[in-house]
There are 2 protein chains.
Amino acid sequence: MPAAAGTDLTEHLRSHGIHPTQQRIRVLKVLVDSRAHLSAEEIHGLVRAQTPRIGLATIYRTLHTLKEKGLVEEHRFNDEFSRYEAMPASHHDHLICIECGKVVEFDQPLIEQLQLAAAKENHFSIVSHRLEIYGICETCAKLHKKES
Amino acid sequence: MPAAAGTDLTEHLRSHGIHPTQQRIRVLKVLVDSRAHLSAEEIHGLVRAQTPRIGLATIYRTLHTLKEKGLVEEHRFNDEFSRYEAMPASHHDHLICIECGKVVEFDQPLIEQLQLAAAKENHFSIVSHRLEIYGICETCAKLHKKES
DNA sequence: CTATATGCAAAGACTTTGCAAACCG
DNA sequence: CGGTTTGCAAAGTCTTTGCATATAG
């Protein structure tokens with residue numbers, strides 16, 4: 001078994017009260033390594049490269065566990081199916097290109113403060129939040145220009 | 001047929017290039033009247049009160065059309081199914097109670113400005129955005145206190 | 001009469017569950 | 001052993017489609 005890469009993840013899982021099985025380590029590793037927002041199918045594909053017999057159900061179950069324990073975040077950009085990312089150390093928001101699907105993360109501490117204010121005004125105590133901006137990225141914008 | 005209420009909606013639909021059928025008027029009316037974020041099923045239930053034979057598929061098809069023409073907005077709060085609301089005149093964001101599901105709308109013009117800045121930094125041109133804050137509303141918070 | 005809209009049932013896409021076998025301690 | 005985890009297949013949920021009928025202009 002691949003020990004080197006999995007060791008820290010093993011601890012990571014254990015410290016969150018998750019029994020660190022090989023499958024879970026692999027799923028988490030894929031997410032951490034890619035640093036991307038992957039769909040269950042994509043994760044399945046990547047993990048299957050190492051463990052051809054792993055089932056999609058296990059991926060979903062694992063993601064559910066990881067999400068529950070706060071190791072992974074689930075997103076539903078636009079109307080799409082769910083995408084997952086390894087939980088970032090600090091919260092960040094997302095810029096999503098509606099043409100090519102690219103996701104860029106950004107951080108705007110001031111926005112967070114304003115959110116707090118808005119919540120207070122409405123007597124809500126914030127648990128989490130999500131800010132997604134949909135737009136056209138530079139690359140796609142350039143393509144448009146060429147076309148016209 | 002109920003004319004009074006539907007007349008303005010008829011125009012509304014027509015002006016957006018949508019053939020104003022009775023079913024569409026009813027769906028839109030339900031959304032406009034409720035001013036809420038309803039699921040397809042809920043809308044179906046409400047419209048069926050007037051037209052028992054209407055199918056869920058029609059609701060979905062109608063919502064798809066209305067959304068496409070910008071009369072209705074689709075949301076996917078949390079991991080739930082889609083919810084729809086009649087397109088508000090001005091954009092607003094949402095506070096969602098994770099306990100009781102209540103949705104409160106709010107508006108923070110400053111946040112929008114900061115979003116613009118973030119997008120600019122990353123060379124995105126904004127098309128739309130979504131800000132959702134998940135938390136606990138006052139009512140639910142009080143219930144918690146009582147329990148403990 | 002042609003085109004669009006609708007109901008119904010069937011299909012689809014994504015996700016969850018039931019269960020027996022495999023694993024781990 | 002005794003509790004977890006897994007694969008597989010089946011079931012579930014929400015949503016979309018196909019098709020024949022109904023409706024509208």
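- Residues passing the side-chain hydrogen bond (donor to acceptor under 3.5 Å, both in side chains) test with B/Thr51 are B/Arg26, sequence neighbours excluded.
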Between the protein and nucleotides 14-17 of chain D, list the N/O to N/O atom pairs that are separated by less than 3.5 angstrom.
| unit_1 | atom_1 | unit_2 | atom_2 | d |
| --- | --- | --- | --- | --- |
| D/dT15 | OP1 | B/Ser82 | N | 3.0 |
| D/dT15 | OP1 | B/Ser82 | OG | 3.3 |
| D/dT15 | OP2 | B/Tyr60 | OH | 2.2 |
| D/dT15 | O5' | B/Tyr60 | OH | 3.1 |

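- Atom CG of A/Leu13 is separated from atom P of D/dT4 by 17 Å (rounded to the nearest Å).
- Taking atom CD1 of residue A/Ile54 and atom C1' of nucleotide D/dC8, one finds them 13 Å apart after rounding to whole Å.
- Taking the C1' atoms of five terminal pairs at each end of the helix from C/dC1-D/dG25 to C/dG25-D/dC1, the two resulting helix axes are inclined by 20°, rounded to 10°.
- A search for side chain to side chain contact (heavy atoms under 4.5 Å, CB included) contacts involving A/Ala117 returns B/Gln108, not counting sequence neighbours.
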Output a table of donor-acceptor pairs, distance under 3.5 Å, between side-chain atoms of residues 53-66 of chain B and any protein atom two or more places apart or on a different chain; print 'none' if there are none.
| unit_1 | atom_1 | unit_2 | atom_2 | d |
| --- | --- | --- | --- | --- |
| B/Thr62 | OG1 | B/Thr58 | O | 2.6 |
| B/Thr65 | OG1 | B/Arg61 | O | 2.9 |

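- Listed by chain and number, the residues in a salt bridge (Lys or Arg N to Asp or Glu O under 4.0 Å) with B/Lys67 are A/Asp79, B/Glu74 (sequence neighbours excluded).
- For B/Thr21, whose side chain is taken as the heavy atoms from C-beta onward, the closest listed nucleotide among D/dC8, C/dA5, D/dT6 is C/dA5.
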Got a list of protein N/O to nucleotides 2-4 of chain C N/O distances below 3.5 Å?
none

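- The CD1 atom of B/Ile43 lies 4.0 Å from the CG atom of B/Leu31; values are rounded to the nearest 0.5 Å.
- When the salt bridge (Lys or Arg N to Asp or Glu O under 4.0 Å) test is applied to A/Glu42, the partners found at least two apart in sequence or on another chain are A/Arg83.
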Distance-only check: which donor-acceptor pairs under 3.5 Å involve side-chain atoms of residues 131-142 of chain B, not counting sequence neighbours?
| unit_1 | atom_1 | unit_2 | atom_2 | d |
| --- | --- | --- | --- | --- |
| B/Glu132 | OE1 | A/Arg130 | NH1 | 3.4 |
| B/Glu132 | OE1 | B/Tyr134 | OH | 2.7 |
| B/Tyr134 | OH | B/Asn78 | N | 2.8 |

* Apply side-chain contact (heavy atoms from CB on, under 4.5 Å) to the pair B/Leu28 and B/Arg24, showing each step before the final yes or no. => CA-CA 6 Å; B/Leu28 186 52; B/Arg24 284 171 178 172; over 6 Å; no
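- The salt bridge (Lys or Arg N to Asp or Glu O under 4.0 Å) check on A/Arg48 picks up nothing, with sequence neighbours excluded.
- The CD atom of B/Glu80 sits 13 Å away from the P atom of C/dT16 (whole-angstrom rounding).
- Between the P atom of C/dC8 and the CZ atom of B/Arg48 lies a distance of 10 Å, rounded to the nearest Å.
- Between the CD atom of A/Gln22 and the P atom of C/dC24 there is a distance of 8 Å, given to the nearest Å.
- If you measure from atom CZ of A/Arg14 to atom P of C/dC24, you get 13 Å, rounded to the nearest angstrom.
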Contacts under 3.5 angstrom, residues 92-103 of chain A side chains, donor-acceptor by atom type, not counting sequence neighbours:
| unit_1 | atom_1 | unit_2 | atom_2 | d |
| --- | --- | --- | --- | --- |
| A/His92 | NE2 | A/Glu85 | OE2 | 3.3 |
| A/His92 | NE2 | A/His94 | NE2 | 3.4 |
| A/His92 | NE2 | A/Glu105 | OE2 | 3.2 |
| A/Asp93 | OD1 | A/His91 | NE2 | 3.2 |
| A/His94 | NE2 | A/His37 | NE2 | 3.0 |
| A/His94 | NE2 | A/Glu85 | OE2 | 3.4 |
| A/Glu99 | OE1 | A/His144 | NE2 | 2.8 |

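- Applying the salt bridge (Lys or Arg N to Asp or Glu O under 4.0 Å) rule to A/Asp107 yields no partners; only residues at least two apart in sequence or on another chain are considered.
- Rounded to whole Å, the distance from CD1 on A/Ile18 to C1' on C/dC24 is 17 Å.
- The interatomic distance linking B/Gln23 (CD) with C/dC8 (P) rounds to 11 Å, in whole Å.
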